[in-house]
Visitor: 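Pasting a structure below so you can have a look.
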Amino acid sequence: MAAVLLGTVGVGGALTGCGNADVSGVSTAPSTSAKHETGKRVLWLGDSIAGAEAPPLGAALKASGVEFENLSSDGGGTVVEGDKMTAPIAESTWQGLNRAISSFHPNVIAYQVTTYDWGTRQQQRASYEKLAKAAQDAGAELVIVSAPPYKVDDFYKKYEGAIKSAPKAAEEAARNSGGKVRFLDASALWGTDSSAAKAQRSTDGIHSCQQGSAAFAKWFTEQLGKTYGFTPAAPDQWAKGSWVSDQRFAKLGCS
């Protein structure tokens with residue numbers, strides 16, 4: 001598993017067979033490579049897709065001298081105050097965000113558009129703008145990253161319109177923010193077809209296993225490094241960490 005991870009994230013290319021990786025014998029020893037503290041503190045928000053990306057993302061950022069806290073939420077995580085189903089989910093996210101701002105003091109808030117960002121395009125944009133203001137009030141910058149392509153199953157089908165409009169609304173919010181919000185289009189990594197090998201989804205068509213999550217960690221850490229002026233740690237400093245055995249991946253059926 002470690003060798004496969006290092007090889008695939010090292011080139012940043014398409015990964016295949018993410019459900020067939022072997023985690024046996026993986027070293028969990030921390031890297032002995034020196035790192036320079038950047039002063040950056042990244043708070044990560046999103047749903048369970050972001051949750052599956054969080055273990056290697058945290059490892060990659062910490063190896064790069066960036067503090068990291070994961071605020072993603074399974075079955076929720078949205079900030080969009082849309083319909084009556086998502087409104088209480090958003091309320092919970094906002095409450096958690098306020099607590100994390102007070103305790104963690106992030107200077108970068110990174111939000112991955114969730115599968116629950118349901119509502120009209122105007123509601124979506126207003127919620128992203130609200131998140132931008134919350135970040136600004138906390139002395140933090142906001143980065144919004146689009147979700148990877150994922151299978152729109154029977155559960156998501158009725159919300160397909162909102163799912164398609166959410167990244168467009170986020171991009172509008174960033175464009176109109178006067179530079180206070182950054183939007184990153186993750187299709188540069190994943191492509192747009194959830195069934196393609198490049199999308200690196202697990203067998204459920206929605207989440208990623210260790211290799212896909214590691215590819216995202218490498219890509220996103222590089223984007224943050226370009227924006228905030230730090231050098232991302234090489235994958236061999238974090239890709240062999242204990243995160244590969246995180247129970248989240250076992251629950252997804254990743255081997």
Side-chain angles (χ1 to χ4, degrees), residues 42-54 57 69-102 104 106 108-138 140-187 190 192 194 201 205-208 216 220 223:
V42 174
L43 181 64
W44 178 237
L45 286 79
D47 58 10
S48 59
I49 295 178
E53 296 161 345
L57 178 59
E69 182 164 315
N70 176 28
L71 196 65
S72 65
S73 175
D74 293 352
T78 184
V79 296
V80 177
E81 299 163 301
D83 62 16
K84 63 181 181 181
M85 182 174 177
T86 58
I89 299 176
E91 181 180 0
S92 176
T93 302
W94 285 108
Q95 291 173 350
L97 175 61
N98 289 332
R99 289 193 296 269
I101 286 173
S102 297
F104 181 61
V108 178
I109 295 176
Y111 177 81
Q112 182 170 267
V113 172
T114 82
T115 61
Y116 300 94
D117 282 19
W118 305 335
T120 66
R121 189 157 169 168
Q122 291 74 26
Q123 288 173 320
Q124 291 167 334
R125 187 174 62 248
S127 296
Y128 301 142
E129 290 171 348
K130 178 180 176 181
L131 182 59
K133 185 177 187 307
Q136 185 178 6
D137 290 347
E141 294 190 46
L142 175 62
V143 177
I144 303 178
V145 59
S146 62
Y150 56 89
K151 180 181 178 181
V152 179
D153 58 17
D154 291 340
F155 176 75
Y156 291 121
K157 193 66 179 178
K158 65 182 293 187
Y159 303 105
E160 190 169 11
I163 288 170
K164 289 181 178 179
S165 69
K168 297 175 182 176
E171 190 170 11
E172 286 178 4
R175 189 168 56 246
N176 298 332
S177 71
K180 297 175 183 176
V181 180
R182 301 177 188 275
F183 175 79
L184 297 177
D185 185 351
S187 66
W190 305 117
T192 58
S194 65
R201 298 302 90 200
I206 298 174
H207 304 87
S208 56
F216 176 78
F220 193 59
Q223 305 311 306

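Keep in mind the model is a prediction, meaning the values are calculated, not measured.
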Visitor: Does some side-chain heavy atom of Trp44 sit less than 4.5 Å from a side-chain heavy atom of Val143?
Guide: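 No; the side chains remain at least 4.5 Å from each other.
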
Visitor: Taking the side chain as every heavy atom from C-beta outward, state whether Tyr111 and Thr78 have any pair of such atoms under 4.5 Å apart.
Guide: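 The answer is yes; the side chains approach within 4.5 Å.
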
Visitor: Nearest 0.5 Å please: distance from the CG atom of Asp74 over to the CG atom of Asp47.
Guide: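 One gets 8.5 Å once the value is rounded to the nearest 0.5 Å.
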
Visitor: Measure centre to centre between the rings of Tyr116 and Tyr159, then say whether the value is under 6.0 Å.
Guide: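 No, ring centres 6.0 Å or more apart.
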
Visitor: Are Phe183 and Ser146 close enough that some pair of their side-chain heavy atoms sits under 4.5 Å apart?
Guide: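 Yes, close enough: below the 4.5 Å cut-off.
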
Visitor: Mind listing the closest non-hydrogen atom pair of Gln112 and Ala147 along with its distance?
Guide: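 So the minimum-distance heavy-atom pair works out to CG-CA, 4.1 Å.
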
Visitor: Going through the distances and angles, do Gln124 and Ser165 end up as a side-chain hydrogen bond (donor to acceptor under 3.5 Å, both in side chains)?
Guide: CA-CA 8 Å; Gln124 291 167 334; Ser165 69; 2.8 Å; yes

Visitor: Give the minimum heavy-atom separation between Glu81 and Ala90, together with the two atoms involved.
Guide: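 Minimum heavy-atom separation between Glu81 and Ala90: CG-CB, 3.7 Å.
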
Visitor: Indicate yes or no for a side-chain donor-acceptor contact from Asp117 to the backbone of Val113 under 3.5 Å, with no hydrogens or angles considered.
Guide: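 Absent.
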
Visitor: Any salt bridge linking Asp137 with Lys133? Criterion: basic side-chain nitrogen under 4.0 Å from a carboxylate oxygen.
Guide: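 Salt bridge flag = yes for Lys133 with Asp137.
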
Visitor: Give the C-alpha distance, both sets of side-chain angles, the deciding distance and a yes or no for side-chain contact (heavy atoms from CB on, under 4.5 Å) between Val79 and Thr114.
Guide: CA-CA 9 Å; Val79 296; Thr114 82; over 6 Å; no

Visitor: Answer whether the closest heavy-atom distance between the side chains of Val181 and Tyr128 falls below 4.5 Å.
Guide: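 Heavy-atom side-chain distance check fails, nothing below 4.5 Å.
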
Visitor: Which is it for Ile109 and Leu71 under the side-chain contact (heavy atoms from CB on, under 4.5 Å) test, yes or no, and what are the steps along the way?
Guide: CA-CA 10 Å; Ile109 295 176; Leu71 196 65; over 6 Å; no

Visitor: One thing to verify: whether Glu141 and Arg182 come together as a salt bridge, which I'm taking to mean a side-chain N less than 4.0 angstrom from a carboxylate O.
Guide: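 A salt bridge links Arg182 with Glu141.
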
Visitor: Which value, rounded to the nearest 0.5 Å, describes the distance between Asp185 atom CG and Ile144 atom CD1?
Guide: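 If I round to the nearest 0.5 Å, the distance is 12.5 Å.
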
Visitor: Does Thr93 reach the side chain of Leu45, with side-chain heavy atoms less than 4.5 Å apart?
Guide: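 They are in contact (side-chain heavy atoms under 4.5 Å apart), so the answer is yes.
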
Visitor: So, do Phe220 and Leu184 sit near enough that their side-chain heavy atoms are less than 4.5 Å apart?
Guide: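 Phe220 vs Leu184: side chains touch.
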
Visitor: Is the shortest side-chain N to carboxylate O distance from Lys168 to Glu171 below 4.0 Å?
Guide: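 Answer for the salt bridge query: no.
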
Visitor: Can you find a heavy atom in the side chain of Lys151 that is under 4.5 Å from one in the side chain of Tyr156?
Guide: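 Of all side-chain heavy-atom pairs linking Tyr156 with Lys151, none is under 4.5 Å.
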
Visitor: Kindly indicate, with the supporting measurements, whether the criterion side-chain hydrogen bond (donor to acceptor under 3.5 Å, both in side chains) is fulfilled by Thr115 and Tyr150.
Guide: CA-CA 9 Å; Thr115 61; Tyr150 56 89; 5.1 Å; no

Visitor: Closest approach of Pro167 and Ile163, non-hydrogen atoms and distance?
Guide: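 Taking every non-hydrogen atom into account, CD-O, 3.3 Å.
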
Visitor: If you look at every heavy atom in Gly205 and Arg201, which pair is closest and at what distance?
Guide: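 So the minimum-distance heavy-atom pair works out to O-CG, 3.6 Å.
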
Visitor: Counting C-beta onward and ignoring hydrogens, is there a side-chain heavy-atom pair between Trp118 and Met85 closer than 4.5 Å?
Guide: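 Yes; the side chains approach each other to less than 4.5 Å.
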
Visitor: How far apart are the closest heavy atoms of Ala140 and Pro106, and which atoms are they?
Guide: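 In this case the closest contact between Ala140 and Pro106 is CB-O, 3.4 Å.
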
Visitor: Can a donor-acceptor pair be found, under 3.5 Å and without considering hydrogens, that links the side chain of Thr86 to the backbone of Ile89?
Guide: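 Checked: no pair found.
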
Visitor: List the atom of Glu53, the atom of Ser208, and the distance in Å for their closest heavy-atom pair.
Guide: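 In terms of heavy atoms, the two residues are closest at CG-OG, 4.2 Å.
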
